[in-house]
Asks: 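Structure incoming, see below.
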Amino acid sequence: MSVSGQAKIVFVVLVGLFLCSGLLATEPHVAAVLVAEWDETGETIRLSIIPDRLMTGVTLRLEIPEMLALEPGAGPFQDRFRERVAREGFRTLEAGLGAIPARSILQLTFRPSGHETRGGVVAFIVEGQTAGGIQVRDAIGVAVGHPGERPVRRHGALEFPAVPLPGEPQ
């Protein structure tokens with residue numbers, strides 16, 4: 001089957017029109033970097049919020065598995081956290097943080113309890129808007145305690161098996 005020269009030209013023109021038609025694509029935009037780290041004692045989580053640009057109306061929401069307790073540590077925002085209606089199986093704390101200047105670092109601390117024998121993933125969710133009115137929602141999850149089975153130390157590494165294997169030492 002042969003394609004005429006005129007059909008080839010039409011095809012090339014249509015492909016060119018499609019590629020140059022102004023289809024808009026958007027990339028995910030990260031307006032704030034969230035960094036969570038444990039302190040040197042392993043008893044406190046430090047959350048750093050580092051906005052790329054000025055953010056206003058900022059709120060921080062924590063979604064905590066109900067089997068854990070996580071309380072805000074001492075600091076300027078400690079008294080702002082309020083209990084909110086939670087989804088099933090989670091406790092929700094929320095605080096209004098106001099405005100955060102661009103490229104500044106806001107550090108908050110949280111102290112977990114009850115995580116020695118159980119655990120889960122705590123979600124830290126930051127919402128607000130930029131000076132240009134763009135809505136921002138960034139989040140990070142932090143494993144607290146030992147969700148599921150406790151790890152097995154083998155050859156200097158901690159293993160978290162999905163299922164125990166037959167014949168493996170428990």
Side-chain angles (χ1 to χ4, degrees), residues 14-149 151 158 160 162:
L14 288 175
V15 169
L17 285 173
F18 175 75
L19 293 176
C20 300
S21 66
L23 294 175
L24 298 177
T26 57
E27 293 293 324
H29 177 72
V30 176
V33 175
L34 305 177
V35 179
E37 58 190 357
W38 290 90
D39 71 351
E40 44 288 336
T41 66
E43 296 297 320
T44 303
I45 300 172
R46 281 192 300 255
L47 177 69
S48 299
I49 302 171
I50 310 164
D52 183 45
R53 56 185 75 178
L54 170 68
M55 289 179 55
T56 58
V58 177
T59 60
L60 173 62
R61 187 173 70 244
L62 282 68
E63 293 184 357
I64 307 160
E66 64 185 11
M67 77 274 301
L68 293 175
L70 188 72
E71 299 302 326
F77 298 101
Q78 179 183 14
D79 297 336
R80 293 190 186 185
F81 283 90
R82 303 286 180 250
E83 191 97 20
R84 299 288 182 225
V85 175
R87 60 188 174 107
E88 187 177 332
F90 287 86
R91 178 175 164 236
T92 301
L93 292 178
E94 188 173 280
L97 305 179
I100 305 175
R103 295 179 185 81
S104 63
I105 300 174
L106 175 62
Q107 283 194 334
L108 303 164
T109 59
F110 301 91
R111 296 188 55 84
S113 60
H115 62 289
E116 295 83 12
T117 59
R118 56 191 178 273
V121 176
V122 176
F124 294 92
I125 304 162
V126 173
E127 295 177 314
Q129 65 182 29
T130 65
I134 298 171
Q135 294 295 320
V136 174
R137 183 175 193 266
D138 289 315
I140 188 172
V142 177
V144 176
H146 297 284
E149 292 189 33
L158 293 177
F160 292 88

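Here, residue 1 is the first one in the sequence, and each next residue gets the next number. Everything quoted here is computed from the prediction, not taken from an experiment.
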Asks: Quick check for you: to the nearest 0.5 Å, what is the distance between Arg61 atom CZ and Thr59 atom OG1?
Replies: 7.0 Å
Asks: Do the non-hydrogen side-chain atoms of Val126 and Val136 ever get within less than 4.5 Å of each other?
Replies: no
Asks: If every non-hydrogen atom of Pro51 is compared with every non-hydrogen atom of Pro101, which pair is closest and at what distance?
Replies: CG-O, 3.2 Å
Asks: Nearest 0.5 Å, please: how far is OG1 in Thr44 from CG in Leu70?
Replies: 10.0 Å
Asks: Please name the pair of heavy atoms, one in Leu54 and one in Ala102, separated by the smallest distance, quoted to 0.1 Å.
Replies: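 Looks like N-CB, 3.5 Å.
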Asks: Which distance, rounded to the nearest 0.5 Å, do you find between the CD of Glu43 and the CH2 of Trp38?
Replies: 8.0 Å
Asks: Looking at side-chain heavy atoms only, is the closest gap between Glu127 and Arg137 below 4.5 Å?
Replies: yes
Asks: Quick one, Leu97 and Ile49 - any side-chain contact, counting heavy atoms below 4.5 Å?
Replies: yes
Asks: Taking all non-hydrogen atoms of both residues, which atom of Ile45 and which atom of Ala36 are closest, and how far apart?
Replies: CG2-CB, 4.3 Å
Asks: Taking all non-hydrogen atoms of both residues into account, name the closest pair between Arg46 and Asp39 and its distance.
Replies: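 Nearest heavy atoms, Arg46 then Asp39: NH1-CB, 3.6 Å.
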Asks: About how many Å separate CG of Leu106 and CE of Met55, when rounded to the nearest 0.5 Å?
Replies: 10.5 Å
Asks: Do you know which of Leu93, Thr109, Leu60, Leu62 makes side-chain contact (heavy atoms from CB on, under 4.5 Å) with Pro72?
Replies: Leu93
Asks: Return the minimal non-hydrogen interatomic distance between Pro65 and Gly120, and the atom names on each side.
Replies: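 Of all heavy-atom pairs spanning Pro65 and Gly120, the closest is CG-CA, 4.0 Å.
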Asks: How would you list, by chain and number, every residue that makes a side-chain hydrogen bond (donor to acceptor under 3.5 Å, both in side chains) with Gln107, sequence neighbours excluded?
Replies: Ser48
Asks: To the nearest 0.5 Å, what is the distance between CZ (Arg84) and CD (Glu63)?
Replies: 13.0 Å
Asks: Between Arg91 and Glu66, does at least one N-O distance fall below 4.0 Å, as a salt bridge requires?
Replies: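 Looking at Arg91 and Glu66, the cut-off is not met.
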Asks: In terms of ring plane angle, is the pair Phe110 and Phe124 parallel, tilted or perpendicular, where the classes change at 30° and 60°?
Replies: tilted
Asks: Roughly how far apart are Thr56 OG1 and Ile100 CD1, rounded to 0.5 Å?
Replies: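 Separation between the atoms: 10.0 Å.
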